[in-house]
Each structure stands twice: as structure tokens, then as C-alpha cells.
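Here the structure is laid out as C-alpha cells; the discussion comes afterwards.
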2 protein chains.
Amino acid sequence: MTSVLLIEDDPLVRRSLELALGRYGYTMITAATGENGLSRFTEEAPDIVVLDLMLPGIDGFEVCRRLRLDSQAPIIMLTARTDDLDVVGGLEAGADDYVVKPVQPAVLDARIRAVLRRAVSDLDGVRSHGSLRIDTESLTVTLGGAPVPMTPTELRLLLTLSRSPGRVFSRQQLLEEVWGHGYLGDSRLVDNGIMRLRAKIEDDPAHPEYVQTVRGFGYRFGPV
Amino acid sequence: MTSVLLIEDDPLVRRSLELALGRYGYTMITAATGENGLSRFTEEAPDIVVLDLMLPGIDGFEVCRRLRLDSQAPIIMLTARTDDLDVVGGLEAGADDYVVKPVQPAVLDARIRAVLRRAVSDLDGVRSHGSLRIDTESLTVTLGGAPVPMTPTELRLLLTLSRSPGRVFSRQQLLEEVWGHGYLGDSRLVDNGIMRLRAKIEDDPAHPEYVQTVRGFGYRFGPV
DNA sequence: GTTCTTTGCGACAGGATTGTGACACCGACG
DNA sequence: CGTCGGTGTCACAATCCTGTCGCAAAGAAC
């Protein structure tokens with residue numbers, strides 16, 4: 001049984017989502033404020049959090065950030081506007097997905113399943129993105145079923161990037177995490193590593209599908 | 001119905017995991033101290049033990065060791081940090097898996113299933129991979145029907161690797177699990193052990209079928 | 001369009017990692 | 001006491017990887 005913590009201040013929305021998701025078989029825990037949500041979270045250890053952006057007191061972004069401080073639990077943001085900034089901010093704050101209000105329960109259910117599936121497949125040590133499959137236990141990478149031989153650095157790079165799909169890593173961060181030592185000058189080293197990685201997993205390295213360049217900042221794994 | 005003995009001193013964590021795992025359909029037995037845990041274990045004979053590392057009185061390692069004295073029940077360690085030392089120590093003490101706190105119930109559920117699955121597959125005592133056959137009860141190895149004489153170290157190495165086919169073991173892990181003592185310098189020892197093992201079970205040691213090298217990381221048993 | 005910055009990519013030499021043989025040590029056993 | 005199988009250590013070569021340089025290409029700024 002999957003438990004969902006719903007943090008939403010509007011009593012009407014809260015109640016209706018509680019009932020609807022309950023009908024989908026989720027165990028519902030609700031909170032009307034960010035503070036209450038955070039404390040319910042530590043008490044109940046839910047499997048997933050559905051979080052409204054607009055909250056009295058500490059807002060959704062902040063709640064998201066605090067949850068992320070000591071938990072990897074999946075978070076789905078509820079946002080009222082179609083404002084892209086909210087979405088970006090939400091994902092930046094550590095949300096795994098977002099849904100625009102008003103939301104149909106069936107949509108939310110689908111998103112919850114999708115996010116949980118992703119989280120669980122991470123547990124089994126397998127990360128799938130398109131036709132790329134990364135097994136973190138056997139340290140094997142397959143592309144459309146065909147195994148891709150990887151060198152240690154390429155593999156560490158891919159593992160690091162794919163651990164947080166969508167997140168932008170600066171060259172400095174990648175140097176720290178993949179190469180380990182505090183390199184000073186040569187961030188071209190990272191570019192080179194990325195290139196070698198792309199050569200192996202990208203069909204068309206000029207238009208990479210998995211490892212994106214974020215000019216001026218660094219690199220990012222996965223779509224948008 | 002699967003019964004889980006949860007040994008955890010923090011009342012909040014204990015209670016929340018008890019509720020959450022209960023929702024997953026496990027019968028929960030809880031204990032707040034190592035002593036209590038040990039006695040509950042003999043009383044209730046749970047299918048699996050989830051054990052916090054930090055306990056007042058006798059700590060998790062010690063509890064683990066005592067459980068192992070007269071039981072093969074799977075043990076999952078809860079450890080607060082990503083501290084590798086804890087992990088190694090835990091596995092050394094006989095734990096089957098470890099999970100880092102704070103833990104999502106879904107994660108713990110997945111681990112419990114995985115460990116139980118493994119435990120069941122260990123029961124039959126025979127592991128077959130291609131023409132290689134490992135009998136974990138009589139401790140005999142046959143290759144295409146012909147018995148292969150193994151030295152103790154080679155056998156421990158093969159048993160350790162084949163217990164988790166596909167998983168990559170670092171040299172350090174193999175030193176801990178196979179050689180047991182905390183060797184400092186020579187990881188070439190592992191390479192040598194692998195070589196000797198390969199010489200016995202591989203047709204063409206230059207292109208091994210069973211024991212693969214994962215450059216930069218370690219070794220792995222079984223097909224890619 | 002021009003210029004400047006940033007990134008992609010090939011090449012290469014030095015270096016790290018691993019496979020393998022040789023050898024000494026050690027305990028078991030006769 | 002001598003032998004012998006098993007094991008830990010060392011040395012060395014082969015192989016594969018990696019860091020760096022240089023230049024081309026692409027993108028951003030103006």
C-alpha cells in the first residue's frame with residue numbers, strides 16, 4: 001500500500017483530492033500548512049509527497065527544499081499557473097514532477113505511479129532513459145539492448161549525471177565528484193570526458209539525446 | 001504472511017516504519033533495544049530482521065553477530081550515514097543488506113523482498129551457470145559434469161561472487177568477505193586469487209566466461 | 001556581420017591497471 | 001626432518017586509459 005502526503009491549504013481541493021486518491025487505493029495523509037506537512041512527513045514517512053506551491057507561511061519551494069535536506073522521497077508539485085518559472089523553480093528546489101491545477105485525480109494517479117516507478121527502478125539499481133539502460137549493480141550500460149563497453153571514468157561520469165536527471169552539473173562539480181581531486185585549471189578535462197561518453201552512448205553526438213550541454217554552466221543528463 | 005522484526009531505538013522512526021511496513025502487508029514485531037530484540041527473535045522467529053546500527057546497550061553489529069550464531073535469518077542493517085565503514089562492518093558482522101536512513105518505506109519494502117528472494121534461492125544449495133555447477137552444501141564445483149578441485153580460498157571467492165551474480169565487487173569488498181581480515185596494502189592479492197580461480201574454471205582465461213573484470217571497479221560473476 | 005568566448009574533437013605520450021609467472025613462506029602430514 | 005600443496009608477495013610486460021594540447025566549430029554579444 002502506498003502512502004501519499006498531501007500538503008494543500010485550500011480545504012476544498014484538499015478534501016476532494018484526499019477522497020479521490022483514496023479511491024485509487026492510496027493511504028492518504030493530509031496537511032494544510034508547510035509546517036504541519038513537514039512534521040507529518042517525519043511522523044508518517046510517506047512514500048510520496050504531493051505539494052501545493054502556494055501555501056500560507058513557508059511556501060512550497062521552501063517545503064520542498066527542507067524535505068530534500070534529509071529525504072529522497074519523491075515530490076510532486078501542484079502549481080496553479082502555467083508559469084514556466086514555477087516549474088523550473090520547483091524542479092530546482094528538488095521536485096520530481098509537477099502538475100498544473102486544476103488536476104484530475106486520474107492524471108495525478110498516473111504521475112504518482114510514474115514517479116514511484118522511477119524511484120523504485122532506481123532501487124533495483126537500474127536506470128532507464130529511452131533506449132539507454134544503466135545497471136548500477138552490475139555496472140553495465142546497454143543501448144537498445146546492446147551492451148556498451150565503458151571505461152571507468154566514462155562510467156563514473158554517466159553514473160553521476162544520471163543519478164540526478166535534469167540537474168545541471170558545473171564542470172567544477174563534475175571534477176569533484178567524478179575525478180575526485182580538486183583540479184584547478186583544466187576544465188577541458190570534463191569536456192573531453194563528456195565527448196568520450198557521448199561518442200559511446202549518443203547516436204548523433206552533435207545532437208545529443210542524453211547528455212546536454214548547458215552553455216556557460218555545464219552539463220545535464222536527460223531531457224529538458 | 002511475512003513477519004519482520006524491527007529493532008530500532010528511536011520511537012518516532014520505529015513507530016513510523018511499523019505503520020508503513022504494516023501497510024505493505026508485513027506482520028510487524030518491534031523492539032527498542034538489542035537485548036529485547038534478541039529475545040523477541042527467539043520468541044517470534046521472524047522471517048527477516050531490520051536492525052538499526054546505533055542502539056543503546058549492545059549495538060547493531062553485536063546483535064547481528066549474535067543472531068548469526070544460531071540463525072540464518074536475513075538481516076537488513078539501518079545505517080544513519082553513507083559511511084562505508086559502517087557498511088563494511090555490517091556485512092562483516094553477517095548482515096545481508098544495508099539501507100541508509102532516512103529510509104522510504106517503499107525502499108525498505110523493495111530491499112526486504114530482494115533479500116528474501118536471495119535467501120530462498122540460497123536454500124536449494126545449487127547454483128548453475130552455463131556448464132558450471134556450484135553446490136553450496138557439499139561445497140563441490142563441477143564443470144560440464146567433471147569435478148573441479150578447489151582450494152579453500154578459491155572456493156570462498158567463487159561462492160562470494162556467485163552469491164550475487166552480476167553484481168560488481170570491489171577488491172576491497174572481496175578482501176573483506178573472502179580473506180576476512182583488514183588487509184591494507186596488497187589488492188594484487190585479489191587479482192592473483194581471481195587468476196587462480198580462472199585457471200580452474202575458465203576454458204580461456206584471457207576471455208573469461210564466468211569471472212569478468214570490470215576495469216577500475218573490480219570483478220563480477222556471470223554474464224553481462 | 002564581426003568578434004570573442006565557449007565547446008567539440010582528434011592526437012599523442014605518459015601513466016595507471018591488470019594478467020601472469022616466479023618465488024618464498026607456512027602448516028600439514030608422513 | 002623432508003615434502004608438498006596452498007598462499008601471500010613481488011616484478012614485469014602488455015594493454016588500456018587518461019590528461020593535455022591544439023585547432024576547428026559553434027554559439028553569444030554587440
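If you're wondering where the values come from, they're calculated on a predicted model, not measured in any experiment.
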Collect all protein-nucleotide pairs involving nucleotides 9-14 of chain C in which both atoms are nitrogen or oxygen and the distance is under 3.5 Å.
from   : atom 1 : to       : atom 2 : distance (Å)
C:dG10 : O6     : A:Asn192 : ND2    : 3.3
C:dA11 : N6     : A:Arg196 : NH2    : 3.3

Checklist entry - Which is it for B:Arg127 and B:Ser162 under the side-chain hydrogen bond (donor to acceptor under 3.5 Å, both in side chains) test, yes or no, and what are the steps along the way? => result CA-CA 8 Å; B:Arg127 298 176 195 147; B:Ser162 68; 2.8 Å; yes
Item to check | Modelled atom types, side-chain donor and acceptor of A:Arg156 and A:Thr151, under 3.5 Å | outcome: no
Next on the checklist: Pairing donors with acceptors under 3.5 angstrom, does anything connect the side chains of B:Thr2 and B:Arg113?
Outcome noted: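 Their side chains do not contain a donor-acceptor pair, so the 3.5 Å distance test is not met.
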Rounding to an integer number of Å, can you tell me how far [X] [atom1] sits from [N] [atom2]?
{"X": "A:Phe169", "N": "C:dT7", "atom1": "CZ", "atom2": "C1'", "answer": "19 Å"}
{"X": "B:Leu189", "N": "D:dG8", "atom1": "CG", "atom2": "P", "answer": "5 Å"}
{"X": "B:Leu157", "N": "D:dG6", "atom1": "CG", "atom2": "C1'", "answer": "15 Å"}
{"X": "B:His207", "N": "D:dT15", "atom1": "NE2", "atom2": "C1'", "answer": "12 Å"}
{"X": "A:Arg156", "N": "C:dA16", "atom1": "CZ", "atom2": "C1'", "answer": "12 Å"}

Checklist entry - A:Tyr210 vs A:Phe221 aromatic rings, parallel, tilted or perpendicular, using cut-offs 30° and 60°? => result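 The arrangement is parallel - the two ring planes meet at less than 30°.
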Is the distance from OP1 or OP2 of [N] to the nearest side-chain N or O of [X] less than 4.0 Å?
{"X": "A:Trp179", "N": "D:dG19", "value": "yes"}
{"X": "A:Arg171", "N": "C:dT7", "value": "yes"}
{"X": "A:Thr153", "N": "D:dC17", "value": "no"}
{"X": "A:Tyr219", "N": "C:dG8", "value": "yes"}

Are [X] and [Y] close enough that some pair of their side-chain heavy atoms sits under 4.5 Å apart?
{"X": "A:Leu78", "Y": "A:Leu51", "answer": "no"}
{"X": "B:Leu53", "Y": "B:Phe61", "answer": "yes"}
{"X": "A:Leu161", "Y": "A:Leu174", "answer": "yes"}

Checklist entry - Which is true for A:Gly216 with a 4.0 Å heavy-atom rule: it touches a base, it touches only sugar-phosphate, or it touches nothing? => result sugar-phosphate
Checklist entry - C:dT7, D:dG8, D:dC17: which one has an atom nearest the side-chain heavy atoms of A:Thr151? => result D:dC17
Next on the checklist: I'd like to compare against my own output: the B/S/- annotation of nucleotides 24-30 of chain C with a strict under-4.0 Å heavy-atom distance to protein.
Outcome noted: -------
Checklist entry - Using 4.0 Å as the upper bound for N to carboxylate O, is an ion pair formed by A:Glu177 and A:Arg163? => result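 Looking at A:Glu177 together with A:Arg163, the answer is yes, because their closest N to O distance falls below 4.0 Å.
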Next on the checklist: Tell me whether the NZ or CZ atom of A:Arg171 lies within the 45° cone about the ring axis of A:Phe169 and under 6.0 Å from its centre.
Outcome noted: no
Checklist entry - Given that A:Val214 and B:Ile194 both sit by DNA chain C, which one's nearest nucleotide is further toward the 5' end? => result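 The residue closer to the strand's 5' end, by nearest nucleotide, is A:Val214.
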Item to check | Atom pair CG/CD1 of B:Leu67 and B:Ile75 - distance to nearest 0.5 Å | outcome: 4.5 Å
Checklist entry - Do B:Ile58 and B:Arg66 pass the side chain to side chain contact (heavy atoms under 4.5 Å, CB included) test, and can you show the C-alpha distance, the side-chain angles, and the key distance before you say yes or no? => result CA-CA 10 Å; B:Ile58 51 179; B:Arg66 294 201 197 170; 3.7 Å; yes
Next on the checklist: If we ignore hydrogens and angles and just use 3.5 Å, is the side chain of B:Thr33 paired with the main-chain N or O of B:Asn36 as donor and acceptor?
Outcome noted: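 It does hold such a pair.
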Please write out each protein N/O paired with an N/O of nucleotides 26-30 of chain D under 3.5 Å, distance rounded to 0.1 Å.
from   : atom 1 : to       : atom 2 : distance (Å)
D:dG27 : O4'    : A:Arg215 : NH1    : 3.4

